[in-house]
Amino acid sequence: MNALRRSAVALAAAAVVGAAAVPAVAADPSPSLPEGLYGSTDPTYDGVWRQSLALLAQDTADVAPAPAAVAWLTGQQCDDGAFAPYRASTARDCDAKTPVDTNSTAAAVQALTALGGHDAAVRSALAWLRSVQNEDGGWGYSPGGASDANSTSVVIGALAAAETDPVKVVKGGRTPYDALLSFALPCARGGAFAFQPDQDEKLTANADATAAGVLGALGKGLVTGPGEAADDAAACADADGDPERAAANGAAYLAGAVAKDGYLKSALAGAEDQPDYGNTADAVVALAAQGGAERAAKPLAWLEKNAAGWAEQSGPAAYAQLILAAHAAGADPTDFGGTDLVTALGATGPAPRATATGEKKDQEKDEEKKEKKDDSPFGTWWYVGVFAVVGVGIGFLLSNRKRQP
């Protein structure tokens, strides 16, 4: 789900959007950026979001992020577990005026969970996210705000990543899937997802919300690999409450939208008819997750040919988005149309520690050997089970942002 969307969404403070990403709206350089933060632009509206995506993308590419980068993210958390887009001063705890939101919190949870070693922070954030779940089973960008497809989807993805069944996260007798499918249009209207109903309770197809909705309906988050090829990929059939069917319908809509040119067009109000790189990257992730890498081949190829300049101008969240798209479609992020996205991302912040081609993969091999040599009846999975019992109830959350239809 698209990472660069955060900026534009937050700039519109009333609404949201993300997989995660913010629209590529360049901010003015900040004169005094905190140590450990990725990017050189004002983090007021997207600091936690872009940091989370950067850490996720590095972890996906088997790069160990700099401790300072991780510390920056953990230092942004409020005592109640929530995250705001950015807190310039963390000396005092958050109060009622701190603009905490579900998307920043969910993105941070996903990043910290992927990195490991932050169980307390993750538990606290998950508890907060569950405390602000709406009666319809979904989530809005801000606590108490109306549920939307993007926020609900990223939360579902985070729950699934934390091995928490979204079906069991119930509020008002409704699950997150109940809320998400309420934004799905019938096949007669294309099978896409809307962001949320308009003032007349009408649903309007939204490509950004559809990319998020596909992942949410599949129970997947911002980081996902290629799914299995679908025989009925181009078909649309009424979902009738089936999340997987709704995901297939949404993917069919996206496939049609990129069939001609290979990219999605900007849907921002007043914007010229031009490519939307961030949403196209989101579409790649959604298409690959639902129907396999081949289904995402055309928009992926377009991004490989055209997105390097956009990412260079837009910064770390854009690089992260492309890395996640490459990962989902089985492409190499170190040679993405001739660009090493991983190195480019690393250059926007503190230098990472290691890559999988060396230290991390060697460690994995050592662990495999150790497990094979262990003759104890209490093997690795026994210990995993013990810690699972100790940590029972831990959830996980992930989020995205909003696009104007």
Side-chain angles (χ1 to χ4, degrees), residues 1-23 25 27 34 36-39 41-57 69-90 93-95 97-115 118 121-122 124-133 139-145 148 150-159 161-162 212 221-222 315-317 320-321 395-402:
M1 298 138 150
N2 163 344
L4 293 179
R5 309 164 180 152
R6 285 298 131 197
S7 301
V9 172
L11 286 169
V16 339
V17 271
V22 185
V25 177
L37 176 66
Y38 286 92
T41 56
D42 183 356
T44 298
Y45 303 110
D46 76 334
V48 166
W49 179 261
R50 79 186 189 212
Q51 191 81 352
S52 298
L53 263 75
L55 296 176
L56 271 173
V70 181
W72 184 90
L73 181 60
T74 57
Q76 288 286 308
Q77 189 172 31
C78 302
D79 282 355
D80 66 359
F83 284 78
Y86 174 63
R87 291 200 292 149
S89 174
T90 57
D93 189 35
C94 308
D95 56 26
K97 295 181 180 180
T98 305
V100 296
D101 69 86
T102 61
N103 287 216
S104 297
T105 303
V109 167
Q110 185 183 11
L112 295 176
T113 300
L115 295 174
H118 303 281
V122 169
S124 180
L126 288 173
W128 181 83
L129 284 164
R130 297 183 73 153
S131 75
V132 297
Q133 185 179 13
W139 284 265
Y141 181 77
S142 301
D148 65 76
N150 296 67
S151 298
T152 300
S153 293
V154 294
V155 170
I156 289 175
L159 288 169
L222 293 174
Q321 223 177 319
F396 180 44
L397 256 353
L398 151 70
S399 159
N400 230 288
R401 64 292 114 155
K402 162 187 178 181

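Quick note: residue numbers are just sequence positions, from 1.
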Shortest non-hydrogen contact from Val109 toward Ala125: CG2-CB, 3.1 Å

Rounded distance [0.5 Å steps], CH2 in Trp49 versus CG in Leu73: 12.5 Å

Minimum heavy-atom distance Ser124-Gly81, with the two atoms named: OG-CA, 3.0 Å

Least distance between heavy atoms, Gln76 atom then Thr90 atom: NE2-CG2, 3.9 Å

Pairwise side-chain contact, Cys94 with Asp79, heavy-atom cut-off 4.5 Å (strictly under): no

Closest non-hydrogen atom pair between Ala69 and Leu55, with its separation: CB-CD2, 4.0 Å

Smallest separation among heavy atoms of Leu56 and Ala114, with atom names: CD2-CB, 3.8 Å

Donor-acceptor contact below 3.5 Å, side chain Thr102 vs main chain Gly140: yes

Within-4.5 Å side-chain heavy-atom neighbours: Leu37 and Arg50: yes

Phe83 vs Val100 side-chain heavy atoms within contact, under 4.5 Å: no

Residues forming a side chain to side chain contact (heavy atoms under 4.5 Å, CB included) with Ser131, sequence neighbours excluded: Trp128

Residues that Asp95 engages under side chain to side chain donor-acceptor pair (under 3.5 Å), provided they are two or more places apart: Thr98

Flag side-chain contact, heavy atom, 4.5 Å: Val48 against Arg87: no

Donor + acceptor pair across side chains of Ser153, Asn150 (<3.5 Å): no

Donor-acceptor contact below 3.5 Å, side chain Thr74 vs main chain Ala71: yes

Pro43 to Tyr86 - nearest heavy-atom pair and separation: O-CB, 3.1 Å

From Ser151 atom OG to Ile156 atom CD1, the distance as rounded to the nearest 0.5 Å: 11.0 Å

Short side-chain to backbone donor-acceptor contact, Gln51 and Trp72, under 3.5 Å: no

Pro85 side chain near Asp101 side chain, heavy-atom distance below 4.5 Å: yes

